[in-house]
Amino acid sequence: MTDNQQERVATVVTAVMDRIREVIVEHKVTYDEYAAAKQYAIALGEAGEWPLFGDVFFESTVERVDSEGREGSAGAIEGPYYIPDSPLLERPYVMPMRDDEPGDVLIFSGTVCGADGTPLADAQIEMWHSDNDGTYSGIPYPDDRQLPPPFNLRGRFTTDENGRFEVRTIIPVPYEIPKGGPTGALLRAAGWHAFRPAHLHCITSAPGYASLTSQLYFDEDPYIDSDIASAVKPELTLQLTKHDDAADLAARGLDRPYFSTSYEFRLPRA
Ligand SMILES: [Fe+2]
């Protein structure tokens, strides 16, 4: 370890320890509470939940600090439910889904640009999101829920010559983080809910540009102001428009109203 690394460890760890001591003093933490905190730390480790605990309470702050000053669109945490090599879609783009996939139809469109606004042809968007039950495909959930088929609501598609894309999917719903272990026990003990607002995950990439990890939210979501992972950013929040014109629906081959929204991804240079 270099002197610089040693200094960095000493600086950050001292700051963490000082903050904890300040909390103990400020809130007059008792011996019983100290013992309970130690037991809690042991339980988190035994359950293998330190990564979950860290990602729920701290990762979004790391993402904000780490991306400060970066050009292009606001970024987001990747989250634990990404799976690589999802199907490459063909136009017109429709996310892989079951014939009777429950949920409101969403037409998501937009542009991929460089940070200076130049549209990027053949940029790739890799998208994944939950189904109408808040479940992701391909994830070994600890409960015995019904899993969608592999790669359901996971797909990759590219922009056209004008940097534009349009894909049909369903609107995801808010979902609870795994709450069966010590992390969930802490939420209950503090009287907090376990929900993340609904979101689309996207990783957007193009040659010569750094890839961009996004989470896109919906402005009327009941959990938009109380995300348990504190990851919502206003610039990543979309508005939905409802469409119910019969001719429009017929042209799109839809038998029920749909919603639309759009977003412009701006990629930083590599
Ligand atoms: Fe997610």
Side-chain angles (χ1 to χ4, degrees), residues 49 51-64 66-67 73-87 95-98 101-104 106 108 110 124-143 145-157 167 169-181 183-184 187 192-205 211-238 240 259 261 263 265:
E49 282 198 3
L52 174 67
F53 183 88
D55 292 351
V56 169
F57 294 112
F58 302 116
E59 186 180 0
S60 66
T61 307
V62 175
E63 190 281 323
R64 279 185 176 85
D66 195 54
S67 64
S73 303
I77 57 179
E78 183 177 284
Y81 299 140
Y82 171 71
I83 295 177
D85 302 322
S86 60
M95 290 290 274
M97 65 176 80
R98 294 160 283 195
E101 189 69 37
D104 288 320
L106 172 65
F108 176 46
Q124 179 180 267
I125 300 172
E126 190 168 5
M127 188 161 91
W128 71 102
H129 62 82
S130 83
D131 68 8
N132 196 54
D133 293 324
T135 300
Y136 287 81
S137 57
I139 299 301
Y141 285 94
D143 50 31
R145 70 181 70 188
Q146 183 92 28
L147 276 188
F151 289 111
N152 201 58
L153 302 175
R154 298 177 184 272
R156 290 179 287 159
F157 46 91
V167 62
T169 186
I170 58 113
I171 301 178
V173 298
Y175 62 83
E176 292 183 292
I177 63 155
K179 59 176 188 177
T183 305
L187 300 184
W192 300 333
H193 69 70
F195 279 95
R196 300 218 57 225
H199 51 271
L200 304 171
H201 292 273
C202 299
I203 296 178
T204 308
S205 56
S211 68
L212 173 72
T213 301
S214 314
Q215 284 191 32
L216 300 171
Y217 305 91
F218 304 101
D219 65 347
E220 292 189 5
D221 192 290
Y223 299 101
I224 197 74
D225 295 321
S226 63
D227 178 12
I228 190 58
S230 306
V232 174
K233 298 177 181 179
E235 60 270 44
L236 296 177
T237 303
L238 309 175
L240 291 169
F259 294 81
T261 193
Y263 185 70
F265 297 92

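In listed order, ligands and their atoms are each counted from 1.
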Would you say the side-chain atoms of T213 and E78 include a donor-acceptor pair closer than 3.5 Å?
->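 T213 vs E78: no donor-acceptor pair found between side chains.
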salt_bridge(R156, D85) N-O dist < 4.0 Å | no
Cationic N near anionic O, under 4.0 Å, E63 to K233 = yes
With the Fe ion (ligand 1) as the point of reference, which N/O/S atom of H199 is the closest?
-> NE2
Is the distance from the Fe ion (ligand 1) to the nearest N/O/S atom of Q215 under 2.8 Å?
-> no
State, to the nearest 10 degrees, the angle whose vertex is the Fe ion (ligand 1) and whose arms point to OH of Y175 and NE2 of H201.
-> 160°
Partners passing salt bridge (Lys or Arg N to Asp or Glu O under 4.0 Å) against D143 (at least two apart in sequence or in another chain) =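 D143 satisfies salt bridge (Lys or Arg N to Asp or Glu O under 4.0 Å) with R145 once adjacent residues are dropped.
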